[in-house]
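These notes concern the structure reproduced below.
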Amino acid sequence: MRLLRDNPDGVGVTIYASNVDPGAVALSVCDVAAIEPRYVGNDEYAQFALDFCRTHRIDVMIPPRRLDALAGRVADFAAVGTSLMCSPLSAVTALTSKVRTYEIAGAAGIPVPPWREVTDADEFYAAVEELSRGGETLCFKPSGEYSAFGFRILDDRPLSMACLRAAPRPVASVEAVAGAMRRAANEGEFVPPLLVMPFLDDPEISIDCLSAPGGELLVGIPRAKHGRFRTLLDDPTVVGIARRLVRHFELAYLTNIQLRYRAGEPVLLEVNPRPSAGLFHTAFADLNLPWAAIRLLLERDAGLRNPPRLGVRLAVAEAVMEVTPRLDDQVLDEGSRYLPTARSLPV
């Protein structure tokens, strides 16, 4: 939000934010806050967003979620005076499934790790047996899940004292996962498709992308993650992979691509047709990507005249701030008055 307020053109902005959680930090630091409907279908959510934009005369809407409900409604938003910043519905639909993402990217010649999609315990056992033949550690994740929810590293080794003394890791045994899948199936509980694949090597590379409609990459800022440190990389290889993905999926405006390494080579982890949570780190590259995206949307000119400053090393430190709820009809519990946030500091 600070990047929008401190934009290089000196334009005054009013920031509206909505969330299903009345305790969300963003609702305390925006200018106007609202609560979104929870557990509603795409049509109902889209109608909420359209009504909100019409009522508040929103100029630009930047959705960080529910993209499948909004991406195909650019004309509907334009009819109420709002420019919707979003990639095409075809891209959003494909990228919602990691399986479909890997199928399309692999067919386009983009490096992807080996993977198997499984829906029951027998398929899970077969995938683990096949993919573990090369001796790699495996992991799994729901194939359509957002963020890292559901991610586990497969580890059948006995628990050791060294493990108990170390920071906890998201691990599970093969037998425990298969057992959970069998119990869920026997009890009629939905078992989401799981993606089984090698646990890829560090560092994770998160590439924040700004691209024009149609998939022309204007700038890509790679961030290498090493614990609490981040490095803004000058790496044409990973930017080249991002450029190919952006062009192939025809991604527009602010998107994010994540890579990891396998046998020393970068491979695709996932593609997000939305801004990343760490987008603010790119301010240390002397670029204001959120404002550049708004200029691109409204004026067809991102206003970028200088190359990014790369090679910058950052440390991510926890900070605490007192937040004041802005919704008169919402009462936050006492414990939510003090919420941790993160900020980046140069080192």
Side-chain angles (χ1 to χ4, degrees), residues 42 63-69 71 86-121 123-128 130-132 136-154 170-172 174 177-178 180-181 184 190-209 215 222 225 238 241-251 254-262 265-278:
N42 282 352
R65 56 188 176 278
R66 298 300 299 261
L67 301 183
D68 56 338
C86 196
S87 290
L89 180 60
S90 58
V92 171
T93 301
L95 297 174
T96 297
S97 166
K98 292 180 178 57
V99 168
R100 187 68 180 139
T101 300
Y102 283 173
E103 288 176 341
I104 296 172
I110 293 165
V112 299
W115 54 271
R116 296 293 182 270
E117 185 182 38
V118 303
T119 57
D120 59 39
E123 291 179 351
F124 179 72
Y125 276 126
V128 170
E130 178 183 1
L131 294 176
S132 62
E136 294 179 275
T137 298
L138 302 183
C139 63
F140 73 91
K141 181 180 180 181
S143 64
E145 192 54 78
Y146 171 82
S147 188
F149 295 126
F151 169 78
R152 296 292 187 277
I153 300 168
L154 293 171
V171 298
V174 172
V177 176
M181 298 178 76
F190 172 69
V191 179
L194 301 179
L195 194 66
V196 182
M197 57 185 284
F199 179 49
L200 302 172
D201 297 331
D202 288 332
E204 181 177 311
I205 310 296
S206 180
I207 308 167
D208 290 305
C209 301
K225 302 179 182 180
V238 299
I241 294 174
R243 188 181 306 278
R244 294 167 62 191
L245 286 162
V246 166
R247 181 186 303 117
H248 192 80
F249 287 102
E250 297 186 346
L251 298 176
L254 295 173
T255 57
N256 177 259
I257 292 167
Q258 296 178 18
L259 310 175
R260 275 182 175 263
Y261 287 84
R262 182 171 184 255
E265 297 296 326
V267 297
L268 179 62
L269 184 61
E270 63 184 41
V271 182
N272 299 304
R274 55 173 175 77
S276 72

Does Thr96 use its side chain to pair, donor to acceptor, with the backbone of Val92 at less than 3.5 Å?
yes
Which heavy atom in [X] sits nearest to a heavy atom in [Y], and how many Å separate them?
| X | Y | result |
| --- | --- | --- |
| Pro273 | Leu67 | O-CD1, 3.1 Å |
| Phe199 | Cys139 | CA-SG, 3.8 Å |
| Leu259 | Leu268 | CD2-CA, 3.7 Å |
| Ala71 | Pro88 | CB-C, 4.3 Å |
| Met181 | Ala121 | CE-N, 4.1 Å |
| Arg100 | Ala94 | CB-O, 3.5 Å |

[X] vs [Y] side-chain heavy atoms within contact, under 4.5 Å:
| X | Y | answer |
| --- | --- | --- |
| Phe149 | Pro142 | no |
| Asp120 | Val191 | no |
| Pro111 | Pro266 | no |
| Thr101 | Glu270 | no |
| Val118 | Tyr125 | no |
| Leu251 | Cys209 | no |

Is the count of non-hydrogen atoms from other residues, nucleotides or ligands lying under 6.0 Å from Arg244 atom CZ greater than 12?
yes
Determine, for Arg260 against Asp202, whether the closest basic-nitrogen to carboxylate-oxygen distance falls under 4.0 angstrom.
yes
With the threshold set at 4.0 Å, does a side-chain nitrogen-carboxylate oxygen contact exist between Arg262 and Glu136?
yes
Going through the distances and angles, do Ser206 and Lys225 end up as a side chain to side chain contact (heavy atoms under 4.5 Å, CB included)?
CA-CA 8 Å; Ser206 180; Lys225 302 179 182 180; 3.9 Å; yes
In Å and rounded to the nearest 0.5 Å, what is the [atom1] to [atom2] distance from [X] to [Y]?
| X | Y | atom1 | atom2 | answer |
| --- | --- | --- | --- | --- |
| Ile110 | His248 | CD1 | NE2 | 6.5 Å |
| Glu250 | Ser87 | CD | OG | 10.0 Å |
| Gln258 | Ile205 | CD | CD1 | 10.5 Å |
| Arg243 | Ile207 | CZ | CD1 | 10.5 Å |
| Tyr102 | Leu269 | OH | CG | 5.0 Å |

Pair Glu103-Lys98, salt bridge (charged side-chain N to carboxylate O under 4.0 Å, His left out): steps then yes or no
CA-CA 9 Å; Glu103 288 176 341; Lys98 292 180 178 57; over 6 Å; no
Quiz question: by atom type and distance under 3.5 Å, do the side chains of Arg274 and Asn256 form a donor-acceptor pair?
no
Evaluate the ring planes of Phe124 and Phe140, with Trp represented by its six-membered ring, and classify them as parallel (under 30°), tilted (30 to 60°) or perpendicular (over 60°).
perpendicular
Would Glu117 and Leu194 satisfy side chain to side chain contact (heavy atoms under 4.5 Å, CB included), going step by step from the backbone distance to the final call?
CA-CA 6 Å; Glu117 185 182 38; Leu194 301 179; over 6 Å; no
With side chain to side chain contact (heavy atoms under 4.5 Å, CB included) as the criterion, how do Thr255 and Asp208 come out once you've worked through the C-alpha distance, each side chain's angles and the decisive distance to 0.1 Å?
CA-CA 6 Å; Thr255 57; Asp208 290 305; over 6 Å; no
Option passing side chain to side chain contact (heavy atoms under 4.5 Å, CB included) with Ser132 (candidates Val196, Leu138, Val174, Leu154):
Leu138
Going through the checks in order, is the side chain to side chain contact (heavy atoms under 4.5 Å, CB included) test met by Asp68 and Thr93?
CA-CA 7 Å; Asp68 56 338; Thr93 301; 5.8 Å; no
